[in-house]
K.L.:
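The structure that follows is given in the form of C-alpha cells.
The figures here come from the full heavy-atom set of this structure, side chains too, leaving out hydrogens, waters and symmetry mates. Throughout, protein chains are lettered first and strands after them, A, B, ... in sequence-line order, and every chain is numbered starting at 1.
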Protein chains: 2
Amino acid sequence: MSRYEASGYWYGEGQSAPEAVDLLNLMRRYRDAERKMRAQTRGSMGMNETDMTALRFLLREHRKGEVPRQRDFAEELGISNASVSALIDRLCRDGYAERIMHPADRRSVGIVPTRYSDTEVRETLQQMHERMMSAVDGLSADERRAAAKFLHALIASVEWNEHDLGQSAQRDHELRDVPGSKLASS
Amino acid sequence: MSRYEASGYWYGEGQSAPEAVDLLNLMRRYRDAERKMRAQTRGSMGMNETDMTALRFLLREHRKGEVPRQRDFAEELGISNASVSALIDRLCRDGYAERIMHPADRRSVGIVPTRYSDTEVRETLQQMHERMMSAVDGLSADERRAAAKFLHALIASVEWNEHDLGQSAQRDHELRDVPGSKLASS
DNA sequence: CCTAATAGTTAGACAGTCTACATATATTCT
DNA sequence: AGAATATATGTAGACTGTCTAACTATTAGG
C-alpha cells in the first residue's frame, strides 16, 4: 500500500480511468524500478554504467554478425576515443571481450565478446526481458494499441525539446537571491 | 522514417495491433529520448547526473514544505555522506542551494533551494512535463486504462527480479573463471 | 557526567573521463 | 611512387566524483 496514485486506484474495467498524472507516475515507477534493477546487475558484475552499456551494445552487434570497432563504441556511447580505449582495456582485462584484428582495415581493432560475457549477461538481463515479453503478450490487441499510442505521445513530447531548447541556460550566475525563508536556528 | 517497428506500423483502429516486441522497442525509444533530453539539460546547466537528481529531489521536498538534511540526500541518491558533503558544496557554489541551520537538530544542516534554481529547472524540465501531461490527456479513458495495465505489467516484470536475484548475485566474485572460449583472431 | 549513537566535514586514494599529442595505416592527388 | 591528408587507436597528464577512514560537534541514555 501507500502507493500514492493520486486519483484512480483500480482502473478495473468499469471503474474510473487513471488520470494523466497517474500514468506519468507509473512511468516514473517503471523507470526507477528498471534503473534499480540495472544498478544491481552492474553491481553484481562489478561494472559501471558505461561499461555495461558498452557490453550490451557489443553483444547486440555480435548477434547481428557485426564486428564493431572502437570508434563505433565512441559514437554509440557518446564518449571520446581515448575513453573507449580505456573502456575496452577494462572489458578485456575482466574477460568480457577480446580485441581481434579487423579483417578489412588494419588500422582498426575488432571487438568480440567472449562466451563468458554472453552467458553472464543472458542470465541476468535476458530473463527479465522474457518476463516482460510474456507479460505484455497477455494484453489484448486493443490494449497493446492503446499502450503504443500512449508511448508515441510521450516520445513526441520529449523529443520536441531537442529542437526547441538548448541555448539559454548558462546566464547570470551572480544575482541569485535566496527565497524569503532563511528560517534558521529557531 | 526508417523507424524499425518490426511488424505493425500503424495500429490505426482496425489494423493489426503492435506485438509485444514492438511495445518494448517503444519503451526503449522513450527511455533513450528521455535520457538524451536530460543529458542535454544537465549539459546546459553544467551539472552531472547525480547533482541534477539531487536538485530535483531538493525542489520536490521544498515544495512539500520539507527541509531535507544531507543524510536524506545520501539515502535518496545512494551515495556516502562524504560524497553528499561535496555535492552540496557544488550546489551551493553554483547558486542552486543554500545551507541553513536545521531547526530541530543542531548537528544537521538544512538544505534549501534558491529561487534561481527553481526557475532554472522549471524552464527546462517542467515545460516537457506539461507537454507530456497534455499529450496523455488526449487519450480516451479506455486507452489510459490500457496504458496503466501495460505499465503495471512491466513494473511487475522488473521488480520480480529484486526478490529473486539479489542474494545470488553478490557471491563468487573471486572464482570467476574466464570462459573457455578465447576464440581470438579471425 | 560518561558513553554511545548520529550528522557532517576533511584528507587521501582511486576510477573514469577529457584534451592534446603520438603512432600506424589508408586514401587521394600529382 | 611519393607526399599530403584523413582515419583508428594508444598514451600522458589533469580533473571530477566517488569512496573509506579519521575527526568534530551534537544528541540521547544510563
K.L.:
May I have the distance from Asp105(A) (atom CG) to dA26(C) (atom P), rounded to whole angstrom?
P.N.:
6 Å

K.L.:
Any base atoms under 4.0 Å from Ile79(A), or only sugar-phosphate, or nothing? Heavy atoms, all strands.
P.N.:
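Result for Ile79(A) = sugar-phosphate.
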
K.L.:
Measuring from the side chain of Arg69(A) (C-beta onward, heavy atoms only), which nucleotide among dG16(C), dT9(C), dT9(D) has the closest atom?
P.N.:
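For Arg69(A), the side-chain atoms sit closest to dT9(D).
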
K.L.:
With a 4.5 Å cut-off on side-chain heavy atoms, are Phe73(B) and Glu61(B) touching?
P.N.:
no

K.L.:
As a test of reading the structure: which of dT19(C), dA21(D), dT25(C) is closest to the side chain of Ser80(A), going by heavy atoms?
P.N.:
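Ranking dT19(C), dA21(D), dT25(C) by closest atom to the Ser80(A) side chain puts dT19(C) first.
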
K.L.:
Counting the atoms with a prime plus P, OP1 and OP2 as sugar-phosphate, which does Ser108(A) contact under 4.0 Å by heavy atoms, base, sugar-phosphate, or nothing?
P.N.:
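Sugar-phosphate contact only.
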
K.L.:
Regarding Asp51(B), tell me which of base, sugar-phosphate or nothing describes its non-hydrogen contacts under 4.0 Å with the strands shown.
P.N.:
nothing

K.L.:
Is any side-chain N of the basic residue among Asp22(B) and Arg144(A) closer than 4.0 Å to the acidic one's carboxylate O?
P.N.:
no

K.L.:
By nearest nucleotide on DNA chain C, pick out whichever of Arg106(A) and Gly78(A) is the more 5' one.
P.N.:
Gly78(A)

K.L.:
Which nucleotide wins on minimum distance to the side chain of Arg90(B), given the candidates dT27(D), dG17(D), dT9(C)?
P.N.:
dG17(D)

K.L.:
On DNA chain C, nearest-nucleotide positions of Ala104(A) versus Asn48(A): which is more 5'?
P.N.:
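Per heavy-atom nearest nucleotide, the more 5' residue is Asn48(A).
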
K.L.:
Side chain of Ala82(B), heavy atoms from C-beta onward: which of dG16(C), dT9(D), dA21(D) has the nearest atom to it?
P.N.:
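That would be dA21(D).
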
K.L.:
Between dT26(D), dG10(D), dG8(C), which one does the side chain of Ser85(A) approach most closely?
P.N.:
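The listed nucleotide nearest to Ser85(A)'s side chain is dG10(D).
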
K.L.:
So Tyr116(B) and Tyr96(B), would you call those rings parallel, tilted or perpendicular, with 30° and 60° as cut-offs?
P.N.:
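Plane angle under 30°, so parallel.
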
K.L.:
Taking the minimum atom-to-atom distance to the side chain of Arg107(B), which one of dT26(D), dT10(C), dT9(D) wins?
P.N.:
dT26(D)

K.L.:
Could you check whether Arg29(A) pairs with Asp32(A) (Lys NZ or Arg NE/NH1/NH2 to Asp/Glu carboxylate O, under 4.0 Å)?
P.N.:
no

K.L.:
Starting at atom CD of Glu49(A), determine the distance to atom P of dT18(D), rounded to an integer number of angstrom.
P.N.:
14 Å

K.L.:
dA7(C) phosphate, OP1 or OP2: any side-chain N/O from Arg99(B) under 4.0 angstrom?
P.N.:
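Answer is no, no contact under 4.0 Å.
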
K.L.:
Take atom CG of Leu87(B) and atom P of dG8(C), then tell me their distance rounded to the nearest Å.
P.N.:
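Going from Leu87(B) (CG) to dG8(C) (P), I get 13 Å.
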
K.L.:
Indicate yes or no: at least one non-hydrogen side-chain atom of Leu91(A) is less than 4.5 angstrom from one of Met47(A).
P.N.:
yes

K.L.:
Please report the interatomic distance CZ(Arg69(B)) to CZ(Arg107(B)), rounded to the nearest 0.5 Å.
P.N.:
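Rounded to the nearest 0.5 Å, the CZ-CZ separation comes out at 8.0 Å.
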
K.L.:
Would you kindly give the CD1-to-P distance between Ile100(A) and dT9(D), to the nearest whole Å?
P.N.:
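Distance, rounded to whole Å: 12 Å.
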
K.L.:
Does Ser83(A) put a side-chain nitrogen or oxygen below 4.0 Å from OP1 or OP2 of dG16(C)?
P.N.:
no

K.L.:
Quick one: Gln70(A) CD to dT11(D) P, roughly how many Å, whole number?
P.N.:
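So the two atoms are 10 Å apart, to the nearest Å.
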
K.L.:
Between C1' on dT27(D) and CE on Met101(B), what's the gap in Å once rounded to a whole number?
P.N.:
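Rounded to the whole Å, the gap is 16 Å.
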
K.L.:
Roughly how many Å is it from NE2 in His102(B) to C1' in dT6(C), rounded to a whole number?
P.N.:
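Atom-to-atom, His102(B) to dT6(C), this comes out as 13 Å.
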
K.L.:
Between Phe73(A) (CZ) and dT17(C) (P), how many Å, whole number?
P.N.:
13 Å

